[in-house]
Amino acid sequence: MRIVGVSSISAAVLGASGFSGGELVRLLDTHPSIEVTYVGANRSVGKRLAEVHPHLAPMAAGGLPLKALDPDAVSGAADVVFTAMPHGSSARLAPALLGSGSIVIDLAGDFRLPAEAYPRWYGFEHPEPAWLDEAIYGLPELFGDRLPGAKLVANPGCFPTPVILGCAPLLEAGLIQPGTIFVDGKTGLSGAGRGPSEATSFAATDGSIRPYRIPGHQHTPEMERGLELAAGTAPAIVFAPHLVPTVRGVLTTCFAPLRSDTTTEDLLRCLADVYRDRPFVRVLAPGEMADAKRTRGTNLVELQAVADPRSGTAVVIGALDNLVKGAAGQAIQNANLVLGLPEETGLSRSAVVP
Ligand SMILES: NC(=O)c1ccc[n+]([C@@H]2O[C@H](COP(=O)([O-])OP(=O)(O)OC[C@H]3O[C@@H](n4cnc5c(N)ncnc54)[C@H](OP(=O)(O)O)[C@@H]3O)[C@@H](O)[C@H]2O)c1
């Protein structure tokens with residue numbers, strides 16, 4: 001395996017024909033130190049990547065052929081492996097890759113929870129529970145010091161990222177109290193992946209705003225666990241996700257019990273202090289509202305917090321691009337930190353607007 005300091009680190013993207021995998025390849029195209037050398041897929045094996053993702057440059061990684069998910073071939077071709085496949089696939093594949101010395105950054109939920117949580121929240125018995133203790137939960141702004149030299153990174157989910165980043169510092173500082181946090185989540189359609197389905201078709205989603213998977217969404221225990229890891233106390237999360245007719249973007253609004261004498265300025269000062277030097281967290285000014293559109297194509301998360309003393313509630317809002325800070329961008333940020341590169345390398349903070 002090559003090590004940092006050498007100009008090019010080789011990377012495999014498994015699940016490259018999907019939305020998150022395609023976004024990984026798109027972002028890595030301009031990364032100065034990481035080069036995509038292997039793209040893996042399932043049904044698309046044999047095609048060139050640019051055939052299934054015509055927006056990717058065929059003269060760069062888009063010209064690579066999609067290959068089978070053979071761990072020996074992948075490890076032979078890549079120092080770092082990004083796994084962006086349906087839940088359950090990387091749990092089976094990652095141990096062989098790790099055994100061959102590859103670094104694995106998993107975008108699925110396969111290494112984010114304790115073993116006993118998998119049957120209930122993901123519907124499978126974890127096949128490799130020993131690796132769950134090795135995995136670092138890759139939320140760089142809160143756990144970045146654990147990343148240098150890590151072998152296995154569990155890249156956080158798109159909804160848990162803004163919820164944990166917004167609520168953990170406030171919980172730790174005692175500005176919101178342990179108890180129940182109600183989370184309203186909105187996601188664009190790319191959050192559901194590329195595969196066509198009746199529920200995500202244009203006819204079903206145009207003009208529609210609809211909740212789903214309440215109260216069983218798999219990001220619920222991840223939010224509780226992430227908050228406990230960061231703040232030392234685990235609130236109960238009630239999570240109501242909604243599908244909205246846009247392509248990219250996640251917006252979460254959390255309602256948490258407010259400490260009685262806390263003001264909006266207290267909440268925002270706490271967040272601004274914690275994220276002062278963090279390149280991808282934008283804590284908004286009082287009264288400015290988060291907007292997922294301003295994060296489109298970037299690795300940014302926008303955070304806003306408002307105290308409502310009348311109801312005794314802190315309202316904590318977060319917005320991001322589900323395919324970037326919620327998936328591929330955060331995975332690259334994690335890889336940068338694992339490899340000892342500056343965490344911003346290859347990642348943008350300026351959005352594509354309008
Ligand atoms: N979409 C998001 O916003 C988002 C955000 C955060 C995390 N994630 C996670 O990232 C992962 C990928 O999500 P996605 O939205 O990018 O999905 P997607 O668009 O549906 O793509 C899935 C990818 O996995 C491959 N695949 C399908 N079935 C497979 C199997 N049985 N074994 C191995 N590979 C298989 C597909 O290959 P073929 O096309 O060749 O069949 C495709 O490359 C999921 O675990 C998801 O939860 C997604």
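Both backbone and side-chain heavy atoms feed into the values below; hydrogens, waters and symmetry mates do not. Counting starts at 1 for both ligands and their atoms, in listed order.
Hydrophobic cluster of Phe19: the remaining members, joined at side-chain heavy-atom separations below 4.5 Å, are Leu323, listed by chain and number.
For Arg26 and Asp29, the salt-bridge test fails: no basic side-chain N is under 4.0 Å from an acidic carboxylate O.
For Pro119, the side chain to side chain contact (heavy atoms under 4.5 Å, CB included) test picks out Glu125, with sequence neighbours left out.
Side-chain contact, Thr313 with Asp308: no donor N or O sits under 3.5 Å from an acceptor N or O.
Here side chain to side chain donor-acceptor pair (under 3.5 Å) pairs that include residues 47-68, with residues two or more places apart or in two chains, are His53-Arg194.
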Distances for all N or O pairs of ligand 1 and the protein under 3.5 Å?
from     : atom 1 : to     : atom 2 : distance (Å)
ligand 1 : 1 (N)  : Ser190 : O      : 3.0
ligand 1 : 3 (O)  : Asn322 : ND2    : 2.8
ligand 1 : 16 (O) : Phe19  : N      : 3.3
ligand 1 : 16 (O) : Ser20  : N      : 2.8
ligand 1 : 16 (O) : Ser20  : OG     : 3.0
ligand 1 : 19 (O) : Phe19  : N      : 2.9
ligand 1 : 19 (O) : Arg194 : N      : 2.8
ligand 1 : 20 (O) : Arg194 : N      : 3.4
ligand 1 : 28 (N) : Asn42  : ND2    : 3.4
ligand 1 : 32 (N) : Ser89  : OG     : 3.4
ligand 1 : 37 (O) : Ser17  : OG     : 3.1
ligand 1 : 37 (O) : Asn42  : N      : 3.4
ligand 1 : 39 (O) : Ser17  : OG     : 2.9
ligand 1 : 39 (O) : Ser44  : OG     : 3.3
ligand 1 : 40 (O) : Ser17  : OG     : 3.1
ligand 1 : 40 (O) : Asn42  : N      : 3.0
ligand 1 : 40 (O) : Arg43  : N      : 2.9
ligand 1 : 40 (O) : Ser44  : N      : 2.7
ligand 1 : 40 (O) : Ser44  : OG     : 2.7
ligand 1 : 41 (O) : Arg43  : N      : 3.0
ligand 1 : 41 (O) : Arg43  : NE     : 3.4
ligand 1 : 43 (O) : Gly15  : O      : 3.1
ligand 1 : 43 (O) : Ser17  : N      : 3.4
ligand 1 : 43 (O) : Ser17  : OG     : 2.6
ligand 1 : 43 (O) : Gly18  : N      : 3.1
ligand 1 : 45 (O) : Met85  : O      : 2.7
ligand 1 : 47 (O) : His87  : NE2    : 3.4

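The closest side-chain heavy-atom distance from Glu222 to Tyr137 is below 4.5 Å.
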